[in-house]
Amino acid sequence: MTAIEQNTFESEVLEAEQPVLVYFWATWCQSCKMMSPKMDQMAAENASRYKMVKVDIGENPELAEKYEIMATPTLMLFRPGKSKPAEIHAGFGARPYIEEVLEKYL
């Protein structure tokens, strides 16, 4: 899973030609530490279906503010050509639930 920053968010997410799942996380977040390996595995297994990127909110407070990230981890699914997320999930989530939500848009 690729780590992106404020200066690459537009090109990596908003201009992407496939759906993008953005994983907002923080180094100090205990839930993120548990969820990150699952997200890395999902990214590797589904690279042909959608793109997954991660944003460290501690290093990118502008993005956290812009997308109103109030809890970590937060997942946002962006569809091609759309500037607003199609789906948002805040907090720790089980992989089957996340995959079920993704299936609605893929």
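Values reported hereafter were calculated over all heavy atoms of this structure, with side chains retained and with hydrogens, waters and symmetry mates removed. In this text, all values refer to a predicted model and were calculated from it rather than measured experimentally.
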Between atom CD of Glu68 and atom CZ of Phe24, what is the distance when rounded to the nearest 0.5 Å?
-> 11.0 Å
Exercise: identify the closest heavy-atom pair between Gly58 and Pro61 | O-CD, 4.0 Å
Working to the nearest 0.5 Å, report the span between NZ of Lys51 and CD1 of Ile4.
-> 7.5 Å
With side-chain hydrogen bond (donor to acceptor under 3.5 Å, both in side chains) as the test, would you mind laying out the steps for Ser36 and Tyr23 before giving the verdict?
-> CA-CA 9 Å; Ser36 288; Tyr23 172 49; 2.8 Å; yes
Residues which pass salt bridge (Lys or Arg N to Asp or Glu O under 4.0 Å) with Glu87, listed by chain and number, not counting sequence neighbours | Lys104
Inter-residue atom distance Met76.CE - Leu21.CG, 0.5 Å rounding = 11.0 Å
Determine the minimum heavy-atom distance between Thr72 and Cys32, stating which atoms define it.
-> CB-SG, 3.8 Å
Shortest non-hydrogen contact from Leu14 to Lys82?
-> CD2-O, 3.9 Å
Ring centre gap for Phe9 and Tyr67 strictly below 6.0 Å | yes
Report whether Ile57 and Ile88 are members of the same hydrophobic cluster (ILVMFWY, side-chain heavy atoms less than 4.5 Å apart, transitive linking).
-> yes
Using salt bridge (Lys or Arg N to Asp or Glu O under 4.0 Å) as the criterion, list what pairs up with Glu17, not counting sequence neighbours.
-> none
How long is the gap from CZ on Arg49 to CD on Glu99, to the nearest 0.5 Å?
-> 8.5 Å
So NZ of Lys66 and CD of Glu62: to nearest 0.5 Å the spacing works out to 11.0 Å
Which heavy atom of Met52 sits nearest a heavy atom of Met39, and at what distance?
-> SD-O, 3.3 Å
Do Trp25 and Leu77 belong to the same hydrophobic cluster, where Ile, Leu, Val, Met, Phe, Trp and Tyr are linked whenever their side-chain heavy atoms lie under 4.5 Å apart, directly or via other members?
-> yes
Do you know the tightest heavy-atom contact between Pro73 and Ser31?
-> CD-CB, 3.7 Å
Is there a donor-acceptor contact under 3.5 Å from the side chain of Asn60 to the main chain of Val55?
-> no
Taking a hydrophobic cluster as the set of Ile, Leu, Val, Met, Phe, Trp and Tyr residues connected by side-chain heavy atoms closer than 4.5 Å, whether directly or through intermediates, do Phe92 and Val22 fall within one such cluster?
-> no
Just wondering, do Lys38 and Met42 contact through their side chains at under 4.5 Å, heavy atoms?
-> no
Heavy-atom pair with the smallest gap, counting every atom of Met35 and Leu75 | CE-CD1, 3.7 Å
Taken to the nearest 0.5 Å, the spacing of Glu15 CD from Ser83 OG works out to 11.5 Å
